[in-house]
Amino acid sequence: MSTTNKNLNEREPQNLTSVAEVEDAKLARIHEKPKSQGRIVLERFVSHKPAMVSSVILIFITVFAFSSIGWGPLPGWWGRTSTRQAPSLTVASRL
């Protein structure tokens, strides 16, 4: 049987020598649990380095923003709130 007639999924691995090893490899592929679309997307996303770097940066910015104003019982480190702004610095106030 030539390789042009074979289905891509039925192709035997090149490094297996005996018929039993080839059949075991085919059975192992048949009995593997199929991956969901979400799992495939997650694996591709995790293997993409720029996407992972961007995710870390986005998480850092989000934590930085929430920690500055405080969240729940945790006080924020930024001294200003939406109701208490910094004093206005004008030339007339300095004179």
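Heavy atoms only: backbone and side chains are in, while hydrogens, waters and symmetry mates are out.
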Working note: Met52 + Val56, criterion side chain to side chain contact (heavy atoms under 4.5 Å, CB included); need CA distance, chi angles, decisive distance, verdict. CA-CA 6 Å; Met52 291 304 297; Val56 169; 5.6 Å; no
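- Clustering of Ile, Leu, Val, Met, Phe, Trp and Tyr side chains at separations under 4.5 Å places Val63 together with Ile59.
- Expressed to the nearest 0.5 Å, how far NE2 of His48 lies from OG of Ser54 amounts to 9.0 Å.
- Across every non-hydrogen atom of Ala65 and Ser68, the tightest pair is O-OG, 2.7 Å.
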